[in-house]
Amino acid sequence: MFREFRIGNGKIIQGDCLEVLKTLSENEIVLAFTSPPYLNAINYDEHIEKINGKKERWERKDISYDEYKQFLVDRFRELLRVVRPGGFNVVNISPVLWNGERTPLPFHFVSWMEEIGWKFKEDIIWEKTVARDRRSGVLLQHPFPGYYYPSLVAEYVFVFQKPAEKNKDNIYWFRTSKEKEKNRIDLSDYQGEKSKNVWKIRPVAPQENIHPCPFPVELADRVIQLYSYKNDIVIDIFAGSGQTNLAAERARRKHIGIEIQIEYIDYAVERINAELAQQTLCQYAR
Ligand SMILES: C[S@@+](CC[C@H](N)C(=O)[O-])C[C@H]1O[C@@H](n2cnc3c(N)ncnc32)[C@H](O)[C@@H]1O
């Protein structure tokens, strides 16, 4: 019913994630990581027309905040069904401009997630080490109280968990010692900056990816290392250019991406397959 594109240990499925999620079994997924579309800010249909040379620029889409809330709530509720008890749902999200006003979407989002049954666990700040936002310039021009607009150099990474019955069905409590040993985290890497809830990671430069708003593979990489074991299934319900699929493939996880736009899927599949082919070539060359 849905077109599927296989890549290494995983796949990307084309479709609306709400409909695709309905076809997945209950408790199938261990970890979800995604960044949702800002439907008012980016019209992805028009962005695709731009990359196909049919349009100069894309416009904003007309959608109310309530409609947008419903869009997210429907999809994250269905996600809750397919994630295993104790499994994590990690979401990269940031405040957005809605009708010209800076809207605290991340804070509303946390309460929407709690309402549908996700348990809030962590708030991590992703500090974009080379962000280009210049809002703070306003204060330089008007050095008076009331003109403070800090440059926006951070986004949120929220961690939610599917509630589990104590000592009964939390998957993380039932890993064998052998499995744990095989997935031991290298602590030399996690004692400095990574041990804190401010992660400093360089954002993706526009020329590095055709997608208008990819997150860095390193962000997906950290989330996957910290919240899943090898061979677990990791899902990204708004997969875009496949950064989660790529990080999961590198980390030997199984992975499912869901994305509505075929152009982004083609790009993701081509890129990940090229990396896999390169690895195979390297193996033969050794
Ligand atoms: C913020 S972007 C994700 C970018 C991705 N994290 C990456 O690194 O490339 C959101 C994506 O959701 C996709 N999208 C929008 N509505 C969707 C839906 N109903 N189902 C699945 N994907 C959808 C958009 O096409 C867009 O690629």
Side-chain angles (χ1 to χ4, degrees), residues 1-5 7 10-24 31-52 58 60-63 67-79 82 89-97 105-106 109 126 128 155-158 201-224 234-250 255-272 275:
M1 182 180 162
F2 294 102
R3 282 180 79 191
E4 290 191 5
F5 301 80
I7 9 170
K11 59 186 170 187
I12 300 186
I13 306 173
Q14 187 192 8
D16 178 347
C17 58
L18 177 60
E19 301 310 320
V20 176
L21 283 169
K22 285 179 187 165
T23 66
L24 303 184
L31 170 66
F33 179 45
T34 201
S35 70
Y38 300 120
L39 287 180
N40 76 319
I42 296 177
N43 184 330
Y44 292 96
D45 294 330
E46 294 197 357
H47 175 257
I48 295 290
E49 288 186 10
K50 181 175 175 277
I51 54 181
N52 286 338
W58 72 81
R60 288 174 186 275
K61 211 172 185 170
D62 206 10
I63 177 171
E67 282 173 302
Y68 181 57
K69 171 186 174 181
Q70 204 52 52
F71 171 87
L72 293 179
V73 161
D74 290 344
R75 284 154 186 82
F76 282 96
R77 185 184 282 122
E78 199 56 34
L79 182 65
V82 304
N89 166 26
V90 183
V91 183
N92 163 224
I93 194 162
S94 63
V96 281
L97 277 182
L105 171 64
F109 182 78
W126 162 30
K128 301 178 189 176
E155 295 192 10
Y156 291 90
V157 176
F158 289 131
I201 300 177
R202 186 179 73 80
V204 180
Q207 66 277 12
E208 289 174 339
N209 193 309
I210 64 150
H211 199 278
C213 47
F215 50 50
V217 181
E218 194 184 341
L219 194 62
D221 187 45
R222 278 195 203 182
V223 169
I224 288 168
V234 176
I235 196 168
D236 185 339
I237 62 171
F238 299 110
S241 62
Q243 301 285 71
T244 304
N245 293 83
L246 179 57
E249 183 64 35
R250 287 177 181 165
H255 48 96
I256 301 174
I258 309 175
E259 170 57 49
I260 209 159
Q261 303 285 2
I262 189 68
E263 279 80 357
Y264 301 148
I265 297 177
D266 285 345
Y267 174 72
V269 171
E270 201 178 303
R271 216 162 44 112
I272 301 170
E275 183 172 310

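The basis for the numbers below is simple: all heavy atoms, side chains too, and nothing from hydrogens, waters or symmetry mates. Start at 1 and go down the list; that is how both ligands and their atoms are numbered.
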**Student:** State yes or no: are the ring centers of Phe76 and Phe109 separated by less than 6.0 Å?
**Tutor:**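 Distance test on ring centres: under 6.0 Å, yes.
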**Student:** List for me each residue that meets side chain to side chain contact (heavy atoms under 4.5 Å, CB included) alongside Ala32, sequence neighbours excluded, and say none if there are none.
**Tutor:** Leu79, Asn89, Ile235
**Student:** Is the shortest distance from a Lys or Arg side-chain nitrogen in Lys22 or Glu19 to a carboxylate oxygen in the other one below 4.0 Å?
**Tutor:**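 Salt bridge present between Lys22 and Glu19.
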**Student:** Between side-chain atoms of residues 213-223 and protein atoms elsewhere (two or more places apart, or another chain), which donor-acceptor pairs fall under 3.5 Å?
**Tutor:**
unit_1: Glu218; atom_1: OE2; unit_2: Arg222; atom_2: NH2; d: 3.4
unit_1: Arg222; atom_1: NH1; unit_2: Glu193; atom_2: OE2; d: 3.2

**Student:** Only counting residues at least two apart or in another chain, list the ones meeting salt bridge (Lys or Arg N to Asp or Glu O under 4.0 Å) with Glu249.
**Tutor:** none
**Student:** Taking only heavy atoms of the protein into account, state which residues are under 4.0 angstrom from an atom of ligand 1, in chain and number order.
**Tutor:** Gly15, Asp16, Cys17, Ser35, Pro36, Pro37, Tyr44, Phe71, Arg75, His211, Cys213, Pro214, Phe215, Ile237, Phe238, Ala239, Gly240, Ser241, Gln243, Glu259, Ile260, Gln261, Tyr264
**Student:** Determine whether Leu18 and Phe71 make a side-chain contact, defined as any pair of heavy atoms from C-beta on separated by less than 4.5 Å.
**Tutor:** no
